[in-house]
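All remarks here apply to the structure that follows.
So you know, we letter chains A, B, ... as the sequences are listed, proteins then strands, and number each from 1. These numbers come from a predicted model, not from an experiment.
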Amino acid sequence: MSRRLGRGFFARPTLEVAPDLLNKVLVAPGVAGRIVEVEAYRGSDDPGSHAYRGPTPRNEVMFGTAGHLYVYFTYGMHWCANVVTDGPGTPGAVLLRALTPLRGFARMRQRRPAAMRDHELANGPAKLAQAFGLGKSHDGADLVRACHGVSVRDDGTPPPERPAVGTRIGLSQGTDLPWRFAVSEVAEVSRPVPGR
DNA sequence: ACCGGGATGTTCT
DNA sequence: GAACATCCCGGTG
């Protein structure tokens with residue numbers, strides 16, 4: 001039994017939403033996975049955020065309504081998926097970095113032939129986007145309305161009381177901010193969180 | 001096990 | 001023209 005998250009869950013400050021997303025379930029057609037690692041990004045005072053220098057064609061959905069997907073293309077071959085947070089005009093998003101696969105193993109493996117084991121199907125931001133078939137067409141999709149069959153659900157598993165906290169990965173600015181959150185001791189975390 | 005580099009093209013300066 | 005919220009493979013030890 002589970003229920004889809006509503007607008008109110010997402011329309012809160014980014015740094016509140018990010019840890020609350022841990023242990024929620026991301027669903028796409030034929031597949032599902034538990035969110036076990038995320039990173040918070042916000043525009044106003046976060047030099048690591050795509051929104052830091054103001055709106056552009058790429059990042060405009062970060063400035064829009066909470067609960068939509070922000071999907072961007074990077075390194076010439078990878079897609080990464082964020083959940084938009086906070087209020088209209090206040091840019092914020094949470095990057096989904098790792099999932100524990102729950103359903104649709106065969107489908108994910110088909111999309112990610114390089115994964116040797118189940119826990120490698122979605123243990124990275126670009127890996128999970130590929131495993132879930134997320135790409136350009138999903139940028140701006142409304143999770144609350146389950147556009148394209150993509151939504152976030154609560155199956156009754158609460159977020160960890162003490163999530164692992166660390167700095168974000170792959171940035172050249174904002175590297176000091178401890179805005180990476182993970183469920184401790186799960187195999188799917190993309191990289192170990194120092195100090196826990 | 002660990003490390004280094006190449007892939008590949010959009011986005012913004 | 002540089003940077004990029006990454007991943008994978010092949011080298012070495």
Side-chain angles (χ1 to χ4, degrees), chain A residues 10 13-15 17-19 21-22 26 31 33 35-64 66 68-86 90-101 108-141 143 150 152 163-183 187-194:
Chain A
F10 303 104
T14 305
L15 288 176
V17 178
L21 276 169
L22 295 176
L26 181 70
V31 294
I35 298 167
V36 295
E37 183 188 354
V38 300
E39 283 175 357
Y41 289 88
R42 68 186 187 198
S44 50
D45 58 347
D46 177 3
S49 171
H50 287 169
Y52 186 57
R53 300 177 189 281
T56 68
R58 175 175 69 164
N59 66 19
E60 66 172 275
V61 311
M62 277 188 77
F63 291 79
H68 290 242
L69 278 176
Y70 167 46
V71 182
Y72 67 90
F73 184 69
T74 190
Y75 288 106
M77 63 190 86
H78 298 303
W79 296 93
C80 294
N82 297 249
V83 173
V84 175
T85 58
D86 225 308
T90 304
V94 177
L95 173 68
L96 304 178
R97 284 199 61 91
L99 308 175
T100 298
M108 292 191 222
R109 186 161 293 288
Q110 195 170 31
R111 290 170 172 149
R112 282 198 31 74
M116 306 307 314
R117 308 168 152 239
D118 285 348
H119 77 265
E120 294 171 327
L121 287 169
N123 65 336
K127 296 178 190 176
L128 77 86
Q130 184 168 17
F132 275 59
L134 302 177
K136 180 179 174 70
S137 65
H138 297 88
D139 188 34
L143 295 166
V150 182
V152 182
V165 179
T167 54
R168 298 172 297 180
I169 295 179
L171 308 191
S172 61
Q173 303 187 45
T175 55
D176 50 320
L177 298 171
W179 289 358
R180 176 175 172 230
F181 305 93
V183 179
E188 290 80 8
V189 168
S190 66
R191 292 173 55 172
V193 183

A:Asp86 and A:Thr14: CA distance, side-chain angles, deciding distance, side-chain contact (heavy atoms from CB on, under 4.5 Å) verdict: CA-CA 6 Å; A:Asp86 225 308; A:Thr14 305; 4.0 Å; yes
Side chain to side chain contact (heavy atoms under 4.5 Å, CB included) partners of A:Pro178, counting only residues at least two apart: A:Val165
Side chain to side chain contact (heavy atoms under 4.5 Å, CB included) partners for A:Ser44, two or more places apart: A:Arg42
Set of residues satisfying side chain to side chain contact (heavy atoms under 4.5 Å, CB included) with respect to A:Thr74, sequence neighbours excluded: A:Tyr72, A:His78, A:Cys80
side-chain hydrogen bond (donor to acceptor under 3.5 Å, both in side chains) against A:Asp139, all qualifying residues, sequence neighbours excluded: none
For residues 113-123 of chain A, dump all side-chain donor-acceptor pairs below 3.5 Å to protein atoms at least two apart in sequence or in another chain.
{"from": "A:Asp118", "atom 1": "OD1", "to": "A:Arg109", "atom 2": "NH2", "distance (Å)": "3.0"}
{"from": "A:Glu120", "atom 1": "OE1", "to": "A:Met116", "atom 2": "N", "distance (Å)": "2.9"}
{"from": "A:Glu120", "atom 1": "OE1", "to": "A:Arg117", "atom 2": "N", "distance (Å)": "3.1"}
{"from": "A:Asn123", "atom 1": "OD1", "to": "A:Lys127", "atom 2": "NZ", "distance (Å)": "3.1"}

Enumerate all atom pairs, one protein N or O and one N or O from nucleotides 4-12 of chain C, separated by less than 3.5 Å.
{"from": "C:dC4", "atom 1": "OP1", "to": "A:Ser172", "atom 2": "OG", "distance (Å)": "2.5"}
{"from": "C:dA5", "atom 1": "OP1", "to": "A:His50", "atom 2": "NE2", "distance (Å)": "2.6"}
{"from": "C:dA5", "atom 1": "N9", "to": "A:Tyr72", "atom 2": "OH", "distance (Å)": "3.3"}
{"from": "C:dA5", "atom 1": "N7", "to": "A:His50", "atom 2": "NE2", "distance (Å)": "2.9"}
{"from": "C:dA5", "atom 1": "N1", "to": "A:Asn82", "atom 2": "OD1", "distance (Å)": "2.6"}
{"from": "C:dA5", "atom 1": "N3", "to": "A:Tyr72", "atom 2": "OH", "distance (Å)": "3.3"}
{"from": "C:dT6", "atom 1": "OP1", "to": "A:Arg97", "atom 2": "NH1", "distance (Å)": "3.4"}
{"from": "C:dT6", "atom 1": "O2", "to": "A:His78", "atom 2": "NE2", "distance (Å)": "2.8"}
{"from": "C:dC7", "atom 1": "OP1", "to": "A:Pro125", "atom 2": "N", "distance (Å)": "3.2"}
{"from": "C:dC7", "atom 1": "OP1", "to": "A:Ala126", "atom 2": "N", "distance (Å)": "2.9"}
{"from": "C:dC7", "atom 1": "OP1", "to": "A:Lys127", "atom 2": "N", "distance (Å)": "3.1"}
{"from": "C:dC7", "atom 1": "O4'", "to": "A:His78", "atom 2": "NE2", "distance (Å)": "3.2"}
{"from": "C:dC8", "atom 1": "OP1", "to": "A:Arg112", "atom 2": "NH1", "distance (Å)": "2.8"}
{"from": "C:dC8", "atom 1": "OP1", "to": "A:Arg112", "atom 2": "NH2", "distance (Å)": "3.4"}

Between the protein and nucleotides 2-5 of chain B, which nitrogen or oxygen pairs are less than 3.5 angstrom apart?
none

Secondary-structure notation, DNA chain C, from Watson-Crick and G-U pairs under 3.5 angstrom (| other strand): ||||.|||||||.
For A:Ser49, side-chain hydrogen bond (donor to acceptor under 3.5 Å, both in side chains) partners two or more places apart: none
side-chain hydrogen bond (donor to acceptor under 3.5 Å, both in side chains) involving A:His50 - partner list, sequence neighbours excluded: A:Tyr70
For A:Asn82, side-chain hydrogen bond (donor to acceptor under 3.5 Å, both in side chains) partners two or more places apart: none
With sequence neighbours excluded, residues passing side chain to side chain contact (heavy atoms under 4.5 Å, CB included) with A:Phe63: A:Ala51, A:Pro55, A:Asn59, A:Pro91
